Amino acid sequence: METSGLTYKPLLKIVELCSLFQVTKPTIYSWIKAGKLKPVKVRSRVYFLFQDVQKLMSTEVPDPKI
């Protein structure tokens, strides 16, 4: 699946997601809590799989107020 403006990186940081979706960190955390995103922990850092982000983008644009 091709997404314009999005280059492939296997893991994305939370700040990259905030920039991509134009939302704040608390919004990303609420999406995690709601099960829309699954975090992947590598040592002490949290990342998100590129495939999961693409899936979230293709299904719907998430409501930032969730």
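Excluded from the calculations below are hydrogen atoms, water molecules and symmetry mates; all remaining heavy atoms, backbone and side chain alike, are included. Please read all numbers here as calculations on a predicted model, not as lab measurements.
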Pair listing, salt bridge (Lys or Arg N to Asp or Glu O under 4.0 Å) test, anchored in residues 12-26, at least two apart: K9-E16
What donor-acceptor contacts under 3.5 angstrom involve side-chain atoms of residues 40-48, with partners at least two apart or in another chain?
none

I28 CD1 to K36 NZ distance, which is reported to the nearest 0.5 Å: 11.0 Å
same_hphob_cluster(Y29, V53) at 4.5 Å side-chain heavy-atom cutoff: yes
K55 side, atom NZ; K38 side, atom NZ - distance, nearest 0.5 Å: 10.0 Å
Contact summary for M57 and L20, nearest pair of heavy atoms: SD-CD2, 3.9 Å
Side chains of L37 and L17 in contact at under 4.5 Å (non-hydrogen atoms): yes
Nearest-0.5 Å distance that lies between atom OG in S19 and atom CG in L12: 10.5 Å
With sequence neighbours excluded, residues passing side chain to side chain donor-acceptor pair (under 3.5 Å) with T24: T27
CG on L56 to CG on D52, rounded to 0.5 Å: 9.0 Å
